[in-house]
Q: 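Quick one: this structure, given as structure tokens, is what I'll be asking you about.
So that the names make sense, note that chain A is the first sequence line, chain B the second, and so on, each numbered from 1.
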Number of protein chains: 2
Amino acid sequence: MQLKSQVEWALHCCALLSALPPNRYLSTKVLAEFHGVPKEYLSKALQSLSQAALVEGTLGPSGGYRLARAPENITFLDIVEAVEGRGPSFVCNEIRKNNPCRAADYCEARACPIAQVMGQADQAWRSHLRGVTLAELGRRLQADIPADLLERSFEWLTSR
Amino acid sequence: MQLKSQVEWALHCCALLSALPPNRYLSTKVLAEFHGVPKEYLSKALQSLSQAALVEGTLGPSGGYRLARAPENITFLDIVEAVEGRGPSFVCNEIRKNNPCRAADYCEARACPIAQVMGQADQAWRSHLRGVTLAELGRRLQADIPADLLERSFEWLTSR
DNA sequence: GACCCGGTACTCGGATATAATATGTCCGAGTCTGTACGG
DNA sequence: CCGTACAGACTCGGACATATTATATCCGAGTACCGGGTC
């Protein structure tokens with residue numbers, strides 16, 4: 001079990017978009033070159049974000065993507081679920097129903113205890129992701145990256 | 001991202017094995033028929049458990065598997081990691097190193113903040129799984145399943 | 001000089017191939033059990 | 001009657017196909033910019 005690399009790309013792209021001046025777009029091409037990933041494939045991740053209404057795209061020259069909401073209102077979970085899907089990591093196939101001793105018309109009152117535990121673990125994972133917004137990520141990045149590198153990077157990004 | 005169905009099977013099989021009398025084995029064949037899953041493929045999951053030293057197998061007639069440790073000392077995490085692998089769900093490919101503005105010899109002091117958040121979420125997931133043992137699962141199952149069905153099931157299992 | 005219009009180049013979006021992984025199947029090496037035989 | 005040797009059947013363990021998913025790529029529809037032409 002492993003998250004797609006698109007998730008990583010989407011998170012990095014959103015981090016950049018969240019620090020962008022208003023009414024400014026970044027194109028797939030620029031984002032792909034900046035991160036050193038295939039442009040065509042990265043576009044699929046951005047499409048997923050677009051369909052989830054996390055970013056919005058514009059056509060034509062100087063077009064691209066920008067955030068559709070304020071960075072305070074976008075969480076890691078939003079991005080991960082947009083790219084990876086909203087389904088739970090553990091799906092219960094109800095194999096307990098195949099128990100040959102069970103009556104055919106027996107109806108389970110509660111969810112399978114195993115599925116319950118796995119589901120709670122899944123919720124713990126999601127809760128953590130829901131607790132970190134893009135705004136918070138921006139603060140951490142600013143504390144982590146040297147100011148001059150940050151400045152040069154945005155210079156590089158916005159000059160194309 | 002989705003856990004393999006083998007994880008579910010392994011958990012159900014371990015639940016049964018944990019309620020077994022000492023020095024009693026259950027064969028792949030019986031476990032597969034009980035759960036209604038392909039015998040040959042289930043055996044792969046049990047092999048993983050065996051390699052992780054969670055269960056131990058015996059050959060010949062009346063052979064099969066039994067737990068290698070007490071149910072109190074086996075957690076959900078042990079089983080999930082044995083089948084699914086110990087690797088984290090999010091792998092950081094360090095795409096920040098591809099930043100064209102970065103000096104080539106620049107050395108990152110800390111882990112990428114994005115990877116940190118994802119890693120902490122992963123740890124939250126693992127912590128929850130580590131907190132539930134097979135013994136605890138056994139108690140919940142006993143509370144969830146009617147006593148007569150439980151008894152008939154073990155009758156069915158041990159009579160083969 | 002200001003406005004309008006059309007061409008062009010650039011954008012996103014979805015449809016299409018390839019690689020990796022999960023799923024499912026098969027067969028061989030080894031061992032326990034049950035039986036037949038001999039003492 | 002008891003111990004022993006043996007044949008058989010059953011077990012696990014790993015090697016081999018197939019289906020599904022992730023990865024990577026391509027091409028078409030649509031739109032904003034830019035230049036020229038007109039009023």
Q: Look at atom CD of B:Gln142 and say whether more than 12 heavy atoms of other residues, nucleotides or ligands are closer to it than 6.0 Å.
A: no
Q: When the nearest nucleotide of DNA chain D is assigned to B:Val30 and to A:Gln2 on a heavy-atom basis, which residue is associated with the more 5' position?
A: B:Val30
Q: In terms of hydrophobic clustering (I, L, V, M, F, W, Y; side-chain heavy atoms under 4.5 Å; direct or indirect links), are A:Tyr25 and A:Leu20 co-clustered?
A: no
Q: Students often get this wrong, so: under 4.0 angstrom with heavy atoms, is A:Tyr65 touching a base, only sugar-phosphate, or nothing?
A: sugar-phosphate
Q: Side chain of B:Ser43, heavy atoms from C-beta onward: which of C:dG24, D:dT11, D:dG14 has the nearest atom to it?
A: D:dG14
Q: Choosing from D:dT23, D:dC27, C:dC12, which nucleotide comes nearest the side chain of A:Ser5?
A: D:dT23
Q: In whole angstrom, what separates A:Leu3's CG from D:dA22's P?
A: 10 Å
Q: Would you mind reading off the distance between B:Leu46 atom CG and C:dT23 atom C1', rounded to a whole angstrom?
A: 16 Å
Q: Just compare D:dA24, C:dG13, C:dT23 and give me whichever is closest to any side-chain atom of B:Lys4.
A: C:dT23
Q: Looking only at side-chain N and O atoms, does A:Ser27 come under 4.0 Å of OP1 or OP2 in C:dT11?
A: yes
Q: Would you mind reading off the distance between A:Lys39 atom NZ and D:dC26 atom C1', rounded to a whole angstrom?
A: 10 Å
Q: Go through D:dC10, C:dG13, D:dA22 for me and flag the one nearest to the A:Ser50 side chain.
A: C:dG13
Q: If you check every side-chain atom of A:Glu40, which of C:dC27, D:dT25, C:dG24 has the closest atom?
A: D:dT25
Q: How many Å lie between OH on B:Tyr25 and P on C:dT33, as a whole number?
A: 10 Å
Q: Do the side-chain N or O atoms of A:Tyr41 get closer than 4.0 angstrom to the phosphate oxygens (OP1, OP2) of D:dT25?
A: no
Q: Give B:Pro61 one of three labels, base, sugar-phosphate or nothing, depending on what nucleic acid heavy atoms sit under 4.0 Å from its own.
A: base
Q: Under 4.0 Å between a side-chain N/O of B:Ser62 and OP1 or OP2 of C:dC32, yes or no?
A: no
Q: When the distance from CG of A:Leu42 to C1' of C:dC12 is rounded to whole Å, what number comes out?
A: 12 Å
Q: Within the pair B:Gln47 and D:dC12, is there a side-chain N or O less than 4.0 Å away from OP1 or OP2?
A: no
Q: Sequence neighbours excluded, which residues qualify as side-chain contact (heavy atoms from CB on, under 4.5 Å) partners of A:Ile145?
A: A:Leu141, A:Leu149, A:Leu150
Q: Give the minimum heavy-atom separation between A:Glu84 and A:Lys4, together with the two atoms involved.
A: OE1-CG, 3.0 Å
Q: When all nucleic acid strands are considered with a 4.0 Å heavy-atom cut-off, which category describes A:Glu56: base, sugar-phosphate, or nothing?
A: nothing
Q: The side chain of B:Lys29 lies closest to which of these nucleotides: D:dT11, C:dT33, C:dT23?
A: D:dT11
Q: If you check every side-chain atom of B:Gln51, which of D:dC12, C:dA15, D:dG14 has the closest atom?
A: D:dG14
Q: Counting side-chain heavy atoms from C-beta on, which of D:dA32, C:dT23, C:dC12 comes nearest to A:Thr58?
A: D:dA32
Q: Within a reach of under 6.0 Å around CD of B:Glu108, are more than 12 heavy atoms found that belong to other residues, nucleotides or ligands?
A: yes
Q: Would you kindly give the CG-to-P distance between B:Leu59 and D:dC10, to the nearest whole Å?
A: 14 Å
Q: Check the side chains of A:Asn73 and A:Thr133 for a donor-acceptor pair under 3.5 angstrom, ignoring hydrogens and angles.
A: no
Q: Rounded to the nearest angstrom, tell me the gap between atom CZ in B:Arg24 and atom P in C:dC32.
A: 16 Å
Q: Just how far, in rounded Å, is C1' of D:dA19 from CD of B:Gln6?
A: 15 Å
